[in-house]
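Working notes, structure below.
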Protein chains: 2
Amino acid sequence: MVKLSDVAALAGVSPAAVSRVLSGDTTLRVSEGTRQRVMAAAQQLDYVPNHAARSLRTSRTSTIALVVPDVTSAVFAELARGAEDEAGARGLAIVLGRAERLHDDRDWLRRLVGEGRIDGVILQLPDGTPPADLESLVVQDTPIVVINSVDDGPLSTIVLDDAAGIRLAMDHLRRLGHTDIGFIGGLLGSATGARREAAFRAAMAEAGLSPEEAWMTRLGYAGTDGRAAAVRLLESATLPTALVVANLNAALGVLAEIHDRDLRVPGDISIVAMHDVWYADATWPPITTVRMPLSELGAAAVVALADSGSGVIHTVLDSPAPQLVVRRSTAAPRAGG
Amino acid sequence: MVKLSDVAALAGVSPAAVSRVLSGDTTLRVSEGTRQRVMAAAQQLDYVPNHAARSLRTSRTSTIALVVPDVTSAVFAELARGAEDEAGARGLAIVLGRAERLHDDRDWLRRLVGEGRIDGVILQLPDGTPPADLESLVVQDTPIVVINSVDDGPLSTIVLDDAAGIRLAMDHLRRLGHTDIGFIGGLLGSATGARREAAFRAAMAEAGLSPEEAWMTRLGYAGTDGRAAAVRLLESATLPTALVVANLNAALGVLAEIHDRDLRVPGDISIVAMHDVWYADATWPPITTVRMPLSELGAAAVVALADSGSGVIHTVLDSPAPQLVVRRSTAAPRAGG
DNA sequence: TTGACGTGATAAATCGATTTACCATAGGGT
DNA sequence: ACCCTATGGTAAATCGATTTATCACGTCAA
């Protein structure tokens with residue numbers, strides 16, 4: 001590996017000069033000729049600064065950790081994509097971690113931070129993690145951004161505009177003429193779940209409707225959770241004509257269960273789900289969704305970390321605004337429904 | 001941050017002694033008492049070695065890069081999970097990269113390696129990447145393992161046992177009585193696609209059947225590719241009674257298109273797909289799949305890198321063996337079919 | 001002639017852990 | 001008394017980039 005002193009030798013200057021030229025030190029006074037020679041030498045030798053050395057000296061690592069509950073959810077994947085792009089553009093690397101580690105190996109994050117390996121952490125907690133667990137994560141001096149979870153507390157947070165998303169879904173159903181609307185939500189105690197449910201209730205109230213509690217579940221966002229919710233909901237004496245599902249993954253489960261009972265979508269029940277990923281368009285019928293700015297959330301988290309120093313922030317990411325993607329799982333309620 | 005010399009001071013020994021005790025240097029002779037004091041001091045101060053310093057001195061980074069084409073595929077996600085677990089167990093960190101970068105920013109990998117930031121690379125190329133592109137990736141001295149793609153060449157490779165997987169799917173269909181079987185494959189020119197198609201043809205031949213070329217497509221693994229393949233295939237004058245789909249994501253697309261034409265699965269057509277991820281169980285009907293050891297593949301790649309030095313290897317991961325997961329998308333062919 | 005000042009650099013310390021080469025001291029054998 | 005060896009460590013160089021403090025040299029003014 002070619003190093004700083006090699007470049008210095010070739011350019012006929014000191015290592016100090018090379019370092020300062022290449023890093024754009026403005027307090028350095030240098031003649032244009034020397035600058036050119038340094039640049040040329042670096043180019044010619046294909047010089048790349050050694051990361052460990054730089055990091056040791058500056059105690060900055062240009063690396064952030066992305067900790068997520070479930071790599072297998074496409075919702076996470078969108079997030080990761082946004083984070084990865086933004087990080088790439090800023091010359092930051094992203095190290096991946098699964099949130100389970102936080103429990104299996106409580107020292108894991110501490111160690112990562114202690115080793116001085118990362119400058120900051122983007123953390124998405126498993127839904128339903130008690131807020132108290134959050135506080136135990138406050139590690140000395142290392143900036144943490146909690147995303148898509150709580151929206152206050154001692155750590156910085158960025159959340160999606162869940163309320164706007166739900167409102168969009170509800171407007172769509174209302175415009176189609178639905179009044180008997182159920183809600184399949186996140187886990188009881190999950191922050192996003194609470195926000196989405198509150199938004200649902202608000203939208204119902206605004207429409208002069210009162211939600212039917214038998215049509216409301218809080219079992220979680222996974223496909224199996226959605227299926228379990230559908231099982232429970234479809235036991236009711238009467239059925240809703242439409243469902244708002246708080247997560248697309250859960251909606252797949254709901255759909256499967258509905259098929260299993262030989263009900264038709266949207267003939268018997270319309271479905272609209274939060275989050276738009278590729279398989280919303282590959283189910284039968286394709287699912288009407290609300291596209292939330294997930295990749296932008298990932299990017300925003302990186303930005304927040306990179307620009308941090310401004311202390312703790314609490315942001316609602318409301319731009320780009322949630323967007324309704326109408327597919328074939330929603331239609332007007334069955335006549336006489 | 002507490003450092004080595006702090007521990008040394010507390011234990012009353014030299015930094016050298018502490019380093020050698022903590023890293024288990026066997027050539028060091030040290031009294032039991034001293035060893036205890038060092039251990040106790042390290043524990044008491046909650047000492048964690050600085051990664052940059054260690055890395056600078058040893059020029060090893062305990063970090064590997066995982067480069068994948070598409071974060072949004074659950075197939076990748078399984079892979080990442082396996083890699084992450086194995087890496088975690090070995091104290092390695094994983095930095096995430098998207099394969100697109102290799103094209104957008106051709107220096108990206110070079111820079112990562114040049115900075116001395118990673119010890120090795122696990123690389124899954126986008127399907128259809130010409131093998132020539134591979135060779136341009138050979139970076140000086142940095143071990144690369146190419147997974148789930150080519151199975152020879154100048155770089156180490158690990159691939160799934162595609163043939164065994166396809167064979168399992170075919171056996172299942174044959175036992176149900178199918179003879180008119182179509183194949184929805186990967187991209188023409190993709191290594192996995194070629195292996196799976198060859199295995200399909202071999203299985204057909206073995207059963208004394210000759211494949212109907214109109215029932216074979218090579219459009220890719222994504223959901224939309226599957227749908228496009230189904231569109232083409234369903235135009236045929238006669239239809240197969242069963243389909244082997246080389247990727248579950250594509251199978252979702254196939255299923256959607258079949259529904260769209262009011263055909264029944266498995267009534268009119270049975271479907272079996274490669275790769276078993278959660279949403280195989282959340283479609284309608286749930287899809288019969290072949291579970292390939294994806295997370296094990298990720299783990300194996302990490303092991304290969306960690307233990308490398310043995311030079312270039314070419315491995316077929318045949319254990320655990322592929323496993324048939326029977327769901328409701330397969331049944332005996334329609335009578336008179 | 002002296003001093004002051006601007007210009008264009010560089011020397012050397014520093015970040016923290018690792019590792020090679022070396023050194024005291026005590027005990028044993030002849 | 002003398003050498004030899006084993007025991008239990010330590011001193012100091014090293015990895016490569018950054019940064020602070022300093023310096024040599026001209027030039028211009030008084």
Side-chain angles (χ1 to χ4, degrees), chain A residues 1-39 41-42 45-63 91 111 113-119 141, chain B residues 1-39 41-42 45-63 91 111 113-119 141:
Chain A
M1 281 291 91
V2 30
K3 51 188 174 177
L4 193 62
S5 57
D6 298 333
V7 177
L10 179 58
V13 294
S14 71
V18 176
S19 173
R20 299 180 66 187
V21 166
L22 293 182
S23 64
D25 182 339
T26 52
T27 73
L28 169 68
R29 290 175 310 244
V30 73
S31 70
E32 192 50 31
T34 306
R35 179 190 301 280
Q36 297 292 342
R37 266 182 301 125
V38 168
M39 296 298 226
L45 296 178
D46 205 11
Y47 170 69
V48 181
N50 179 285
H51 180 255
R54 167 179 282 174
S55 167
L56 175 58
R57 181 61 228 250
T58 62
S59 56
R60 254 172 297 97
T61 64
S62 302
T63 303
R111 203 164 49 231
V113 170
E115 283 177 327
R117 252 174 128 135
I118 53 179
D119 292 337
D141 297 337
Chain B
M1 283 290 92
V2 30
K3 51 189 173 177
L4 194 60
S5 57
D6 298 334
V7 177
L10 179 58
V13 293
S14 70
V18 176
S19 172
R20 298 179 68 187
V21 166
L22 292 182
S23 65
D25 182 339
T26 52
T27 72
L28 170 68
R29 292 176 309 246
V30 73
S31 70
E32 193 49 31
T34 306
R35 179 189 301 280
Q36 297 293 341
R37 266 183 300 126
V38 168
M39 297 298 226
L45 295 178
D46 205 11
Y47 170 69
V48 182
N50 179 285
H51 179 255
R54 165 180 284 175
S55 166
L56 175 58
R57 181 62 227 252
T58 62
S59 55
R60 255 172 298 97
T61 64
S62 302
T63 303
R111 204 166 46 231
V113 170
E115 284 177 327
R117 250 174 129 134
I118 54 178
D119 293 335
D141 298 335

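In the text below, chain A, chain B and the rest are named by the order of the sequence lines, each starting its count at 1. Model, not experiment: these values are computed from the prediction. Any value given below was found using the heavy atoms of this structure, including those in side chains, with hydrogens, waters and symmetry copies removed.
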Touch class at under 4.0 angstrom, heavy-atom based, for Ser19(B) against every strand present: base
Distance below 4.0 Å between Thr34(A) side-chain N/O and dA9(C) OP1 or OP2: yes
Nearest-0.5 Å distance, NE2 of residue His51(A) to CD1 of residue Ile118(B): 11.5 Å
Closest listed nucleotide, where the reference is the side chain of Val13(B) and the choices are dA17(C), dT10(D), dA17(D): dT10(D)
Proximity to the side chain of Arg29(B) - top-ranked nucleotide from dA17(D), dT19(C), dT7(D): dT7(D)
Listed nucleotide nearest any side-chain atom of Arg57(B), set dG16(D), dT10(D), dT18(C): dT18(C)
Distance below 4.0 Å between Arg54(B) side-chain N/O and dT18(C) OP1 or OP2: yes
Ser23(A) vs dA17(D): side-chain N/O to OP1/OP2 distance below 4.0 Å: no
Position toward the 5' end of DNA chain C (nearest nucleotide), Ala16(B) or Leu56(B): Leu56(B)
Length of the line joining Lys3(B):NZ and dC15(C):C1', which is rounded to integer Å: 8 Å
Most 5' of Ala53(A) and Arg60(A) on DNA chain D, judged by nearest nucleotide: Ala53(A)
Interatomic distance, His51(B) NE2 vs dC15(D) C1' [rounded to whole Å]: 14 Å
Selection from dT19(D), dT18(C), dT10(C) that lies nearest to any side-chain heavy atom of Leu4(B): dT18(C)
Minimum-distance pair of heavy atoms, taken over all atoms of Leu4(A) and Val18(A): CD1-CG1, 3.4 Å
Length of the CZ-C1' vector between Arg20(B) and dA12(D), whole Å: 14 Å
CZ on Arg117(B) to OG on Ser55(A), rounded to 0.5 Å: 8.5 Å
Check: Arg60(A) main-chain N/O paired with Asp119(A) side-chain donor or acceptor under 3.5 Å: no
Nearest-Å distance for atom pair CG/P, residues Asp6(A) and dC15(D): 12 Å
Nucleotide nearest Thr58(A) (side chain, heavy atoms from C-beta), chosen from dT14(D), dT18(D), dA11(C): dT18(D)
Residue whose closest nucleotide on DNA chain C lies nearer the 5' end, Val48(B) versus Asp25(B): Val48(B)
Leu28(A) side-chain proximity, nearest of dG9(D), dA9(C), dT19(C): dA9(C)
Nearest non-hydrogen partners of Gly91(B) and Ser62(B), listed with the distance: O-CB, 4.0 Å
